[in-house]
2 protein chains.
Amino acid sequence: MFSKATEYAIRAVIFIAQKGSEEHKLALPEIAEAIQSPPFFTAKILQKLTNGSQLIQSVRGPNGGFYIRPEKLTWTIREILNIMGEGEMLDKCVLGLKLCSEINPCPLHEVYKPIKTQLNAMFENKSIGLLVKEMEAGQYFLM
Amino acid sequence: MFSKATEYAIRAVIFIAQKGSEEHKLALPEIAEAIQSPPFFTAKILQKLTNGSQLIQSVRGPNGGFYIRPEKLTWTIREILNIMGEGEMLDKCVLGLKLCSEINPCPLHEVYKPIKTQLNAMFENKSIGLLVKEMEAGQYFLM
DNA sequence: ATAATTAAAGACAAAGTTGTCCTTTTTTAT
DNA sequence: ATAAAAAAGGACAACTTTGTCTTTAATTAT
Ligand code: FES
Ligand code: FES
């Protein structure tokens, strides 16, 4: 459904939100280990998440690492998808027509429409903070 | 959601089923034109659909082209996905965990599970024949 | 039989994805 | 101040996807 980069991005953000803080930053090797992702590749992805939107923060030097500001916990998976450039996927036609719409529907449009609505709801309703809370309540995994 | 190749494959099969027959085979340029796909690339995809499974038939030479045997109209989109090698996508974890299961669920598993069930139902319930019938009843497009 | 037509097959190229490594910059601890 | 630690940034390689083109093989119409 998503690229490897986006999968790693989502898992990394959840892990950073769960285990990190400004006082206890997480270093790259720890993050990559926790989500079972290639470290150098993960570094590139984390840069993308810090650069423009500053969804996560990074600090260089000893005791440096990554953390997420509390106010960013209201952001949702959808925001991560947007940053990673896969946000449009949630608007697209399942058969690849240029536009998914009522006026030019593909043969699967009727069935797919309600599913697409649920996909959108899922990614827009699940905030990072909520996911962390759910992870603490139940038994969930990132690898 | 799917690769370009798979999108073209599904659209091509539906078009061939709708407009072609053993008596009136469809040539490559006509198919590519109808689904707005690059002709040479489409040729490769159609070979994949004829080779092992013979989901579609091909005949070379003058008045040659592609058509689909009536008995294949009961096959579903899922079969096309399998042939194109994207069938596993419907079993996979949305966050890319090695296995999507109750014993090692990712934080999105609970929400995604019912959606995945509907995706699977969609691709397994829509047979090629049914899609053609629906296309003739309503106004649907392949480009 | 011959020529025309059409898909099959293979070679190739451009672009994107995934992944690795090396150097630079920033920051902290001493 | 200096050295160490950590991310940033850039170069690069392997692989996959997408797409194009050329040659070959099969089939049909004449
Ligand atoms: S047009 Fe294909 S899903 Fe809406
Ligand atoms: S484990 Fe991630 S969707 Fe089931």
Side-chain angles (χ1 to χ4, degrees), chain A residues 1-13 16 20 22-33 35-68 81 83-86 88-89 96 98, chain B residues 1-13 15-16 20 22-33 35-68 81 83-86 88-89 96:
Chain A
M1 169 157 293
F2 297 120
S3 67
K4 277 290 160 203
T6 295
E7 291 174 355
Y8 296 149
I10 298 171
R11 282 160 40 200
V13 167
I16 293 169
E22 183 156 12
E23 296 77 42
H24 180 66
K25 306 184 197 72
L26 304 175
L28 183 57
E30 184 180 2
I31 296 168
E33 167 72 24
I35 69 171
Q36 285 285 87
S37 62
F40 289 115
F41 190 37
T42 307
K44 292 280 187 269
I45 295 164
L46 294 185
Q47 283 175 40
K48 224 171 184 171
L49 298 172
T50 53
N51 276 353
S53 64
Q54 300 205 43
L55 170 56
I56 61 177
Q57 305 303 122
S58 75
V59 178
R60 294 198 248 200
N63 286 312
F66 299 88
Y67 68 99
I68 185 166
L81 298 180
I83 295 170
M84 297 303 294
E86 298 203 43
E88 335 76 43
M89 183 270 189
K98 299 231 187 1
Chain B
M1 170 155 293
F2 297 120
S3 67
K4 276 289 158 204
T6 296
E7 291 175 354
Y8 296 150
I10 298 171
R11 296 187 353 226
V13 167
F15 177 71
I16 293 168
E22 182 155 14
E23 297 77 42
H24 180 66
K25 306 184 196 74
L26 305 176
L28 183 56
E30 183 180 2
I31 296 168
E33 166 73 24
I35 68 171
Q36 284 286 84
S37 62
F40 288 118
F41 189 36
T42 307
K44 292 282 187 261
I45 296 164
L46 294 184
Q47 282 174 42
K48 222 171 185 172
L49 297 173
T50 53
N51 277 352
S53 64
Q54 299 205 44
L55 170 56
I56 62 177
Q57 305 303 123
S58 74
V59 178
R60 295 198 250 198
N63 287 312
F66 299 88
Y67 67 100
I68 185 165
L81 297 180
I83 295 170
M84 297 302 294
E86 298 203 43
E88 335 78 40
M89 183 272 188

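So you know, we letter chains A, B, ... as the sequences are listed, proteins then strands, and number each from 1. Reckoned from all heavy atoms, side chains included, excluding hydrogens, waters and symmetry mates.
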Lys25(B) and Val59(B), any side-chain heavy atoms less than 4.5 Å apart | yes

Chi angles and distances behind the side-chain contact (heavy atoms from CB on, under 4.5 Å) call for Leu26(B), His24(B) | CA-CA 7 Å; Leu26(B) 305 176; His24(B) 180 66; 3.9 Å; yes

Between P of dT27(D) and CZ of Phe66(B), the distance in whole Å = 14 Å

Quick one: is Gln47(A) getting a side-chain N or O under 4.0 Å of the dG9(D) phosphate, OP1 or OP2?
-> yes

dA8(C) phosphate, OP1 or OP2, under 4.0 Å from Ser58(B) side-chain N/O = yes

Taking NZ from Lys25(B) and P from dT5(C), how many angstroms apart are they, rounded to a whole number?
-> 16 Å

Rounded distance (Å) that lies between atom C1' of dG10(D) and atom NZ of Lys48(A) | 15 Å

Dump the intermediate steps for side-chain contact (heavy atoms from CB on, under 4.5 Å) on Ile10(B) and Leu81(B), then the final yes or no.
-> CA-CA 8 Å; Ile10(B) 298 171; Leu81(B) 297 180; 4.2 Å; yes

Roughly, in whole Å, what's the span from CD1 in Ile45(B) to P in dT17(D)?
-> 12 Å

What string of B, S and - do you get for nucleotides 10-19 of chain C 5' to 3' if you count protein non-hydrogen atoms under 4.0 Å?
-> BB------SB

Residues forming a side chain to side chain donor-acceptor pair (under 3.5 Å) with Gln54(A), sequence neighbours excluded = Gln57(A)

Separation of atom CG in Leu28(A) from atom P in dT27(C), rounded to whole Å = 18 Å

Heavy-atom count around Gln47(B) CD within 6.0 Å, excluding the residue itself: above 12?
-> yes

Under the side chain to side chain donor-acceptor pair (under 3.5 Å) test, which residues partner Ser58(B), sequence neighbours left out?
-> none

Let me see the working for Ser3(A) and Met84(A) under side-chain contact (heavy atoms from CB on, under 4.5 Å), right down to the final yes or no.
-> CA-CA 9 Å; Ser3(A) 67; Met84(A) 297 303 294; 5.6 Å; no

Distances for protein N/O vs nucleotides 28-30 of chain D N/O pairs under 3.5 angstrom?
none

Using the test ring pair (Phe, Tyr, Trp, His ring centres under 6.0 Å), find all partners of Tyr67(B) that sit at least two apart in sequence or belong to another chain.
-> none

Counterpart residues, salt bridge (charged side-chain N to carboxylate O under 4.0 Å, His left out), relative to Glu7(B) (two or more places apart) | Lys4(B)

Glu7(B) has an atom CD; how far is it from atom P of dT17(D), in whole Å?
-> 14 Å

Roughly, in whole Å, what's the span from CE in Met1(B) to P in dT17(D)?
-> 17 Å

Using a heavy-atom cut-off of under 4.0 Å over every strand shown, decide if Leu46(A) touches base, sugar-phosphate, or nothing.
-> nothing

Atom OH of Tyr67(A) and atom P of dA7(D) are separated, to the nearest Å, by 13 Å

